[in-house]
Amino acid sequence: MAASGAYPNLRDDALGVGAVLIGVAALAIWGASRAIDTPFQIQMYMLLAAMIAGLAMLVESVTRPKYGEERYENGIIKAGVVASMFWGIAGLLVGLIIALQLAFPNLFYLPEFGWTNFGRLRPLHTSAVIFAFGGNVLIATSFWVVQRTCRARLFGGAWAWFVFWGYQLFIVLAGTGYLMGVTQGREYAEPPWYTDLWLTIVWVAYLVVFLGTIWKRQEKHIYVANWFYLAFIVTIAMLHIVNNLAIPVSFEGSFSYSLFSGVQDALTQWWYGHNAVGFFLTAGFLGIMYYFIPKQAERPVYSYRLSIIHFWALIFLYIWAGPHHLHYTALPQWAQTLGATFSIMLWMPSWGGMINGLMTLSGAWDKLRTDPVLRMLVVSVAFYGMSTFEGPVMSIRAVNSLSHYTDWTIGHVHSGALGWVGFVSFGALYCLTPWLWKKKQVSHALVEWHFWLSTIGIVLYITSMWVAGIMQGLMWRAYNEFGFLEYSFVETVEAMNPYFIIRAAGGGLFLLGALIMAFNLWRTATSKEPAVERVTDVPAQGAPVAAE
């Protein structure tokens with residue numbers, strides 16, 4: 001990038017970022033001055049403060065003397081590791097609170113503070129664990145992987161940092177909005193219209209940085225993990241824009257109406273909702289699997305050809321599976337059947353990916369006894385296989401008639417979220433911390449404690465929800481000899497109370513494991529013992545190239 005202006009280090013990319021920050025700051029001033037509701041005004045002031053802070057950081061960065069750049073941009077990945085752990089613990093803590101609220105309804109019931117209600121904390125929990133924790137893990141690992149596998153520094157300079165800090169701002173705006181009662185009421189898409197617009201800007205910048213790095217790569221081959229990351233970035237952009245098409249009630253307020261209505265709105269929402277799972281929580285994290293398992297096991301990917309088949313089959317099939325969320329609704333039955341059919345077809349590529357991940361350990365199975373980080377990564381793949389078996393089964397109409405709207409679905413979601421997404425994310429962060437800070441490996445004893453506490457927590461969580469959900473469905477469909485419902489809704493809730501307590505206990509153990517992990521990573525990053533060995537490239541065919 002060319003230098004310009006009075007500062008010899010000022011770059012063209014910094015000018016572009018500065019122009020965006022100034023433009024958004026001007027809009028924030030206009031919004032704050034004309035706001036018709038208090039939450040909108042508060043969020044506009046927050047947006048303005050963030051833009052001012054961003055401009056200050058930008059000026060400081062371009063005027064700071066530079067003494068040569070490292071081969072790779074590692075600072076942003078370090079920040080991503082820290083942000084991932086912070087948001088992960090915050091999201092799990094809120095999840096534990098709302099799990100306890102279901103078992104003990106008066107817990108944190110403070111009528112004068114509406115933000116403690118379950119209805120406001122629940123979207124805070126889902127957004128924090130999916131988008132804050134999961135999103136930061138994906139951004140950090142994708143920036144690590146694309147640089148190492150392409151042997152190229154991140155494209156865009158200041159734009160990469162704009163993506164990181166812009167994404168943190170999105171999380172803060174969304175979370176504080178929920179607590180103030182600002183929501184669109186759309187599953188996994190609750191942020192208001194102006195927060196959605198901000199995320200769109202950030203996501204386009206993310207795509208440009210990632211694609212630009214691939215474009216200037218020094219490796220001829222594009223490693224398969226980058227294909228999964230790219231599919232995640234592109235598809236989430238499409239899903240986000242279409243599902244969040246809305247008309248604001250006023251450009252000076254928080255609320256808006258969806259551009260869709262009725263059954264079209266429902267179909268659009270679950271086309272988005274299921275593919276948010278498919279591309280945010282599956283494709284992106286498969287990119288992690290295809291890099292970090294071979295790297296930690298020091299083995300090449302079992303079958304590179306199978307990984308390509310896995311990619312294209314998954315990408316083609318997943319996008320059509322959303323209608324299985326709308327069985328027995330006003331959606332035409334042909335569309336419901338289409339969703340179920342593609343869901344069942346997904347079984348094959350999903351298990352192909354699982355087999356590829358597990359068989360990468362061929363010749364290195366003994367490492368599972370001595371390396372708890374690798375064990376966590378491998379167990380995550382096992383949970384991926386289990387979840388992608390259960391999902392297609394639940395999409396069958398006969399099964400769905402029992403499972404839909406029950407806590408069986410909650411158990412299914414969390415077997416994937418905690419077992420697959422959680423464990424593969426934890427494994428990646430355990431790998432990245434010593435590599436980034438060039439310190440001695442994390443304490444394996446603490447990783448063992450984390451692994452077993454979290455595993456027990458997951459088992460308690462999902463088994464309690466499976467039993468509670470099936471019992472719930474059976475009680476809802478039970479009739480007496482007179483043809484009336486055997487049980488009232490309150491009776492079903494009362495019967496589920498013990499399982500709610502078990503679920504909360506499982507969530508508490510999972511949170512405890514995450515706290516142990518945070519301590520372990522902090523101790524590793526601040527250790528005075530340097531790394532005993534250098535992370536080198538893996539020369540085997542099909543294996544990812546790694547850090548220097």
Side-chain angles (χ1 to χ4, degrees), residues 84-110 115-130 132-134 137 175 178-179 372 375-376 379-380 383 386-387 407-427 429-430 443 445-469 471-472 493-523:
S84 297
M85 281 311 307
F86 173 80
W87 291 120
I89 290 172
L92 292 172
L93 177 61
V94 176
L96 177 60
I97 291 172
I98 61 176
L100 289 169
Q101 284 182 331
L102 288 174
F104 309 101
N106 289 327
L107 187 68
F108 295 115
Y109 177 65
L110 305 171
W115 52 268
T116 62
N117 293 343
F118 179 91
R120 295 192 181 183
L121 292 180
R122 194 268 179 180
L124 182 67
H125 163 64
T126 55
S127 289
V129 292
I130 296 172
F133 170 68
V137 169
Y178 302 153
L179 293 177
R375 190 188 314 139
M376 186 170 280
V379 169
S380 76
F383 273 107
M386 183 178 69
S387 298
D407 278 18
W408 183 355
T409 304
I410 308 302
H412 166 64
V413 168
H414 282 79
S415 69
L418 301 179
W420 158 237
V421 173
F423 269 18
V424 79
S425 299
F426 293 154
L429 295 176
Y430 275 129
S443 167
L446 289 178
V447 180
E448 290 277 7
W449 274 96
H450 179 197
F451 175 81
W452 288 111
L453 284 171
S454 295
T455 301
I456 294 169
I458 294 171
V459 171
L460 288 174
Y461 195 114
I462 61 180
T463 53
S464 65
M465 290 298 96
W466 284 339
V467 173
M471 178 188 69
Q472 189 179 24
V493 175
E494 185 180 10
M496 292 170 61
N497 188 258
Y499 302 100
F500 285 158
I501 295 172
I502 296 171
R503 190 245 302 261
L509 288 175
F510 199 85
L511 172 61
L512 179 59
L515 290 169
I516 291 173
M517 178 184 181
F519 171 73
N520 200 1
L521 297 188
W522 171 80
R523 196 176 73 166

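Each residue takes its place number in the sequence, starting with 1.
The two atoms that bring Ser464 and Ile502 nearest to each other are CB-CG2, 3.7 Å, heavy atoms only. Ile89 and Ala518 get closest at one heavy-atom pair: CD1-CB, 3.6 Å. Nearest approach of Ala514 to Leu92, heavy atoms of both residues: CB-CD1, 3.8 Å. In terms of heavy-atom proximity, Gly427 sits nearest to Met376 at N-SD, 4.1 Å. In terms of heavy atoms, Tyr178 sits closest to Pro123 at CE1-O, 3.5 Å. Annotation for Leu121 and Val94: closest pair O-CG1, 3.5 Å, computed over non-hydrogen atoms.
Atoms CD1 and CG, on Ile98 and Leu124 in that order, are 8.5 Å from each other to the nearest 0.5 Å. For the atom pair Leu511 CG and Leu93 CG, the distance stands at 6.0 Å (nearest 0.5 Å). Distance check: Gln472 CD to Trp408 CH2 gives 12.0 Å after rounding to the nearest 0.5 Å. Between the CG atom of Leu107 and the CD atom of Gln101 there is a distance of 6.0 Å, given to the nearest 0.5 Å. Here Met85 contributes atom CE and Leu429 contributes atom CG; the two are 7.0 Å apart, rounded to the nearest 0.5 Å. The OG atom of Ser415 lies 12.5 Å from the CH2 atom of Trp420; values are rounded to the nearest 0.5 Å.
In this structure the side chain of Tyr461 never reaches within 4.5 angstrom of the side chain of Leu509, judged on heavy atoms. When side chains are defined from C-beta on, Ile462 counts as touching Met386, because their heavy atoms get closer than 4.5 Å. Residues Trp449 and Leu512 fail the side-chain proximity criterion, which asks for heavy atoms closer than 4.5 Å. With a 4.5 Å cut-off on side-chain heavy atoms, Val424 and Phe383 do not count as touching. Counting only heavy atoms from C-beta outward, the side chains of Glu448 and Arg375 approach each other to under 4.5 Å. Two residues are said to be in side-chain contact when any heavy atoms from C-beta on lie closer than 4.5 Å; Leu100 and Leu96 meet this criterion.
Within the 3.5 Å criterion, the main-chain N or O of Phe451 finds no donor-acceptor partner in the side chain of Ser454. At distances below 3.5 Å, not a single donor-acceptor pair connects side-chain atoms of Asp407 with backbone N or O atoms of Met465. The closest donor-acceptor contact from the side chain of His414 to the backbone of Ile410 lies under 3.5 Å. Remark: the backbone N or O of Val137 is paired with a side-chain donor or acceptor of Ser84 at under 3.5 angstrom.
Within 6.0 Å of atom CD in Glu494, 12 or fewer heavy atoms from other residues, nucleotides or ligands are found, so the atom counts as exposed in its surroundings.
Residues Phe118 and Phe108 keep their aromatic ring centres 6.0 Å or farther apart.
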